[in-house]
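This report concerns only the one structure given below.
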Amino acid sequence: MSYSVDIDRKWQKKWEETGLYKFDPDKDGEKLYCLEMFSYPSGANLHLGHWYNYSLTDSWSRMKRMQGYNVFHPMGFDAFGLPAENYAIKTGIHPQDSTMKNIATMEKQLKEMGATFDWDYEIATCTPEYYKWNQWLFIKLYEKGLAYRKNAPVNWCPQCKTVLANEQVVDGKCERCDSEVVRKNMTQWFFKITEYAQELLDCLPDLDWPEKTKKIQTNWIGRSEGSQVAFTVEKDGQILKDDSGNDLKLEVFTTRADTFMGVTYVVVAPESELCSKLTTDECREAVEEYKVMTSKASDIDRMSTTREKTGVFTGSYAIHPLNGRKVPIWAADYVIAAYGTGVVMAVPSHDERDFEFATKYGLDIIRVVQSEKGVEDELPYCEKKGYLVNSGEFDGMEMHEAIDAIVGKLNTMGMGEKKVNYRLRDWLISRQRYWGTPIPMIHCEKCGIVPVPEKDLPVLLPYDVEFNPDGESPLAKCASFINCKCPKCGGDAKRDPDTMDTFVDSSWYEFRYVDNKNNDAIFDKDKVKKLCPVDKYVGGPEHAAMHLLYSRFICKAMRDMGLVDFDEPFTSLVHQGIILGPDGNRMSKSRGNTVAPDEYVMKYGSDVFRTYLAFGFAYTEGGPWNEDGLQAIVKFIRRVEKLAEDAASIDKIPFDRASLSKEDKDLDYVLNYTIKSASADIDRFQFNTSIARMMELINAIGKYQQSGNVNDAMLRHAVETLILLLSPFAPHLAEELWCEKLGNGYSVFDQKWPVFDEKALVKDELELPVQINGKLAFKIYVPVDSDQDAVEAAVRSDERLPEALAGRNIMKFIYVKGRICNVVAK
RNA sequence: GCGGGCGUGGCGGAAUGGCAGACGCAGCAGACUCAAAAUCUGCCGACCUUAAAUCGUGCGGGUUCAAGUCCCGCCGCCCGCACCA
């Protein structure tokens with residue numbers, strides 16, 4: 001029976017019946033937790049990207065299994081989220097129904113892929129068994145002060161009438177309907193990820209992750225070293241006081257404290273609370289008008305660096321702590337309320353933005369830094385080097401020295417200190433959506449915010465809810481859900497109407513897999529301790545600054561709660577590339593360039609499809625789909641089957657390496673080289689080259705068969721080794737050939753992975769390229785252990801040398817052992 | 001604007017500073033065949049009738065005995081961040 005989808009079905013059935021992939025945590029072998037990012041069941045079918053991710057990571061873990069690791073390889077579904085809800089709005093099919101149906105289909109397809117998942121460990125985040133612990137985690141974070149509520153501006157899509165996550169805003173537009181997103185203030189739940197900003201940065205260097213991904217996280221966290229300095233404020237001729245009656249300190253963050261004596265005005269973000277406090281009655285009308293104007297500006301406008309800067313005077317003045325100068329305080333939306341203190345000191349002479357603003361509004365510009373002493377640079381001069389002028393006692397100082405001196409002086413006055421700021425903001429996790437985990441909090445008029453007691457978890461997501469978007473949380477309109485009793489006082493109270501960002505669900509799922517049926521705890525600490533962290537995590541690079549950051553944060557928070565005993569959830573990370581349509585563009589239904597894996601799998605079988613995905617692309621790069629490549633794999637598989645056929649007619653004779661002919665030795669060399677390089681390539685996720693090595697092995701076996709000097713034991717040994725090497729990519733075929741064709745015992749996946757013999761890789765003679773001035777001239781054969789003198793002698797006496805030298809004289813002779821020699825001639 | 005990555009035959013793609021183009025696809029030629037398919041064998045960067053020579057990893061410089069690989073300056077494409085003070 002030659003390979004087809006029928007072979008797939010046959011072995012899938014057998015694997016299931018015999019429980020081949022059942023995971024036993026107590027089995028021998030070093031533990032290895034191999035995990036793909038779980039899938040989102042938005043469509044009914046697995047798409048090509050799923051196949052590319054899952055089938056090849058499965059190949060990797062199959063090799064690891066055969067190498068003796070006790071591999072934990074679970075699968076599940078990230079089942080909450082907006083697409084299912086939108087689908088429901090469009091079709092009237094309830095998200096729960098469509099999601100469960102999609103999950104069932106995808107499970108079936110994943111089984112048809114022939115992957116090693118142990119389905120006993122499956123999770124789906126939309127089940128109460130899972131989201132109960134999502135709620136439990138929320139409450140723990142709340143108790144730890146890591147979950148809190150505040151009023152903040154959010155992304156609002158006027159078309160979809162809902163807030164959007166940051167990642168759902170692409171270039172200021174809603175990723176689904178393409179309408180411009182506006183800002184809106186709402187009271188929301190946040191997770192305090194900023195508390196871990198420094199540690200999230202510090203742990204990055206030790207992670208075996210792509211450098212690019214680490215860089216994205218580094219930039220996203222955005223550590224900035226500077227100083228926080230303070231001004232007092234004069235409003236209506238009076239020094240402004242704070243709530244406790246002391247002089248109000250208007251604090252600003254700056255990385256350029258050296259330019260402090262050049263401050264000619266101060267800018268406050270119009271939406272910050274300070275702005276109203278600073279505005280005088282005289283200026284209030286203009287400032288309020290300006291606030292309205294800027295709040296109308298879309299994020300697209302606001303983000304544009306080319307937009308002309310606007311602003312309005314607040315009427316108040318900041319008093320410079322070192323020279324006593326009174327400088328005006330302006331409100332302008334080029335200052336970001338959420339970064340630093342939301343207030344900025346403006347130095348037009350040494351900052352492009354301030355220069356533009358000062359020029360427009362006729363504000364003073366004072367030079368305080370020169371690139372070289374006495375040089376009048378063109379303003380604004382923004383280089384971070386130079387010497388101070390017009391700065392009183394600091395004149396002549398080098399700028400870095402000046403920063404220390406200025407901040408030092410301010411510090412003695414209680415008006416400044418060194419400070420580190422981060423770009424990272426706290427994680428907004430509230431969503432005004434239906435299809436998510438309900439936030440387990442109760443709002444009581446008497447008692448305030450009260451967490452749902454653990455015994456009352458989970459807070460179930462009701463089924464019958466009107467979830468058409470109208471701007472209000474769907475759960476708020478569900479009376480049976482929203483009305484409840486306060487757990488503290490027993491009076492009437494209301495539940496929080498929002499659900500959690502689905503990134504919360506996926507920020508700890510890797511731990512739940514390990515103990516997915518636990519009804520008493522989020523997971524058993526010892527079980528997680530035994531299997532986690534994840535040793536190899538594979539998924540798309542698009543999660544670099546989202547899921548991969550959130551998960552790291554939650555892991556650290558859990559560690560500080562005593563739930564886990566390690567710092568990082570994913571020790572080693574690989575990103576697969578993206579498979580493009582045949583036209584080289586991203587696949588999309590609107591372009592009509594999508595490739596449906598099912599059709600190919602039905603036609604060619606899972607193994608052909610898997611092996612093609614392995615061979616046709618550099619794994620981390622991806623690339624355009626090309627149908628022709630599949631035919632190449634069909635041919636390749638046919639050749640393997642033919643060889644198995646040939647080997648099957650040979651009785652099992654023990655293979656003896658002691659008595660080998662020249663032909664045997666040549667094949668043995670190729671065989672061992674293949675084992676060595678194919679294994680190393682699979683290990684590094686370089687599947688394309690590992691398959692190439694196997695193709696070379698097939699070519700070598702073909703030549704061997706034609707040599708007329710075939711040692712049966714050698715041939716069978718070579719073919720069996722080939723089948724073992726190929727088995728991770730073509731598991732069904734390998735099982736068929738191994739068990740049925742060659743009559744070996746079930747299962748091929750219980751065999752040991754081939755180990756290469758170093759001795760077989762040692763050759764007697766070495767082929768050595770000889771270069772003249774770096775260009776290949778000819779090749780010589782020398783004994784492997786030849787030293788430089790012997791090689792040089794061989795080259796000098798070679799009859800081809802005079803012609804290659806063409807009259808030039810040998811100046812120098814270079815021999816790189818075992819690799820190359822180069823004759824320098826003139 | 002800032003940061004990162006990439007650029008190699010007709011195509012997918014290989015190359016720890018050491019023989020550029022592994023492996024495969026497509027193409028060409030041959031064997032088998034009445035014929036075709038399948039299979040097998042050989043050729044397959046450019047220039048050139050052939051050989052030899054020469055040129056050749058986006059462009060221009062440099063380091064080195066030796067550069068696709070390292071350094072500097074450009075061009076093009078992709079990705080991330082974007083008034084972060």
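All values below come from the heavy atoms of this structure, side chains included, with hydrogens, waters and symmetry mates left out. Order of the sequence lines sets the chain letters (A, B, ...), proteins ahead of strands, with each chain counted from 1.
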Counting only N and O atoms by type, is there a donor-acceptor contact under 3.5 Å from the side chain of A:Asn593 to the main-chain atoms of A:Arg586? yes

According to a strict under-4.0 Å criterion, is A:Ser224 in side-chain N/O contact with OP1 or OP2 of B:rA85? yes

Check whether any side-chain N or O of A:Lys419 sits under 4.0 Å from OP1 or OP2 of B:rC84, and answer yes or no. no

Please state the P separation for the pair B:rA15 and B:rC72 - nearest whole angstrom. 24 Å

Is A:Gly623 touching bases, backbone alone, or none of the nucleic acid, heavy atoms closer than 4.0 Å? sugar-phosphate

Have a look at A:Lys779 and say if it touches a base, only the backbone sugar-phosphate, or nothing, with a 4.0 Å heavy-atom cut-off. base

For A:Arg796, is there an ion pair with A:Glu792 - N to carboxylate O distance below 4.0 angstrom? yes

In whole angstroms, the gap separating C1' of B:rG12 from CD of A:Glu627 amounts to 14 Å

Nearest-nucleotide pick for A:Leu776, side chain only, options being B:rC65, B:rA85, B:rC19: B:rC19

I need the CG-C1' distance between A:Asp646 and B:rC40, as an integer number of Å. 14 Å

Walk me through it: do A:Thr194 and A:Asp426 pass the test side-chain hydrogen bond (donor to acceptor under 3.5 Å, both in side chains)? CA-CA 6 Å; A:Thr194 52; A:Asp426 279 337; 2.7 Å; yes

Across the strands shown, which category fits A:Gly622 at heavy-atom distances under 4.0 angstrom: base, sugar-phosphate, nothing? sugar-phosphate

Given the structure, check if the side chain of A:Arg693 and the base of B:rA22 hold any donor-acceptor pair shorter than 3.5 Å. yes

Report which part of the nucleic acid A:Asn699 touches: base, sugar-phosphate, or nothing (heavy-atom distance under 4.0 Å, all strands). sugar-phosphate

Result for 5'-nearest mapping on RNA chain B, choosing between A:Ala632 and A:Gly222, is A:Ala632

Between atom NZ in A:Lys817 and atom P in B:rA66, what is the gap in whole Å? 24 Å

Using the C1' atom as the reference point in each nucleotide, state the distance between B:rG56 and B:rC19 in Å, no decimals. 15 Å

Counting side-chain heavy atoms from CB outward, which of B:rC65, B:rG4, B:rC23 is closest to A:Lys212? B:rG4

Between B:rG3, B:rA22, B:rA85, which one does the side chain of A:Lys215 approach most closely? B:rG3

What's the gap between B:rG45 and B:rG21 when it is taken at their C1' atoms, as a whole Å value? 8 Å

Checking B:rA85, B:rA14, B:rG12 against the side chain of A:Thr255 (C-beta onward), the nearest is B:rA85

Looking only at side-chain atoms of A:Ile820, point me to the closest of B:rG13, B:rC19, B:rC25. B:rC19

Ring centers of A:Phe636, A:Tyr612 separated by less than 6.0 Å: no

A:Arg423 CZ to B:rA85 C1': how many Å, rounded? 14 Å

Once you round it to whole Å, what is the distance between P of B:rC23 and CG of A:Leu722? 16 Å

Between A:His320 and A:Phe260, is there a donor-acceptor pair closer than 3.5 Å when you use the side chain of the first and the backbone of the second? yes

If you look at every strand shown and take non-hydrogen atoms under 4.0 Å, does A:Phe636 touch a base, only sugar-phosphate, or nothing? nothing

Donor-acceptor pair, A:Arg693 side chain versus A:Tyr673 backbone, under 3.5 Å? no

Nearest heavy atom decides the nucleotide; on that basis, is A:Ile216 or A:Tyr612 closer to the 5' end of RNA chain B? A:Tyr612

Side chains of A:Tyr290 and A:Thr310 only: does a donor on one sit below 3.5 Å from an acceptor on the other? yes

B:rG60 and B:rA85: how far apart are their P atoms, nearest whole angstrom? 40 Å

Given that both distances must come in under 3.5 Å, which nucleotide forms a Watson-Crick or G-U wobble pair with B:rG45? B:rC55

Phosphate contact (B:rU39 OP1 or OP2) by A:Arg639 side-chain N/O below 4.0 Å: no

Of the listed B:rC65, B:rC19, B:rA14, the closest approach to the A:Val824 side chain comes from B:rC65

Output yes when at least one side-chain N/O atom of A:Tyr339 is less than 4.0 Å from OP1 or OP2 of B:rA85, else no. yes

Atom pair distance, as rounded to whole Å: CH2 in A:Trp330 and C1' in B:rA85: 18 Å

A:Tyr52 ring center within less than 6.0 Å of A:Tyr619 ring center: yes

One pair to check against ring pair (Phe, Tyr, Trp, His ring centres under 6.0 Å): A:Trp427 and A:Phe503. What are the steps and the verdict? CA-CA 10 Å; A:Trp427 174 15; A:Phe503 276 118; 7.4 Å; no

Nucleotide of B:rC23, B:rG12, B:rC81 approaching A:Pro624 most closely (side-chain heavy atoms): B:rG12

Write down the distance separating the P atoms in B:rC74 and B:rG1, rounded off to the nearest Å. 12 Å

Can you tell me, in whole Å, how much space there is between the C1' of B:rG12 and that of B:rA26? 11 Å

For the side chain of A:Val335, counting heavy atoms from C-beta on, which of B:rC55, B:rA85, B:rC19 is nearest? B:rA85

Under-4.0 Å side-chain N/O to phosphate OP1/OP2 contact, A:Asn626 with B:rG24: no

Between B:rC84, B:rC81, B:rA85, which nucleotide has the shortest distance from any of its atoms to the side chain of A:Trp220? B:rC81

Taking atom C1' in both B:rC84 and B:rG73, what distance in whole Å separates the two? 30 Å

Take the protein atom CG of A:Asn688 and the nucleotide atom C1' of B:rG12, then report the distance between them rounded to whole Å. 10 Å

Between A:Asn219 and B:rC2, does any side-chain N or O lie under 4.0 Å from OP1 or OP2? no

Check if the side chain of A:Asn822 and the base of B:rC65 share a donor-acceptor pair of N or O atoms closer than 3.5 Å. yes

Regarding A:Gln771, tell me which of base, sugar-phosphate or nothing describes its non-hydrogen contacts under 4.0 Å with the strands shown. base

Applying salt bridge (charged side-chain N to carboxylate O under 4.0 Å, His left out), run through A:Glu641 and A:Arg638 and close with a yes or a no. CA-CA 5 Å; A:Glu641 286 185 302; A:Arg638 223 178 271 150; over 6 Å; no

Anti or syn, where syn is a glycosidic angle within 90° of 0; which label fits B:rG27? anti

Which part of the nucleic acid, if any, lies within reach of A:Gln631 when heavy atoms closer than 4.0 Å are counted: base, sugar-phosphate only, or nothing? nothing

C1'-based separation of B:rU64 from B:rG18 [nearest Å]: 12 Å

With a cut-off of less than 4.0 Å, is there a side-chain N or O of A:Gln228 near OP1 or OP2 of B:rA85? no

I want to check one thing: is the phosphate of B:rC25, taken as OP1 and OP2, less than 4.0 Å away from some side-chain N or O of A:Lys635? yes

Could you check how far OH of A:Tyr619 sits from C1' of B:rG13, rounded to whole Å? 17 Å

Nearest-nucleotide pick for A:Thr689, side chain only, options being B:rC23, B:rC65, B:rA15: B:rA15

Presence of donor-acceptor pair under 3.5 Å, side chain of A:Arg425 and base of B:rC84: yes

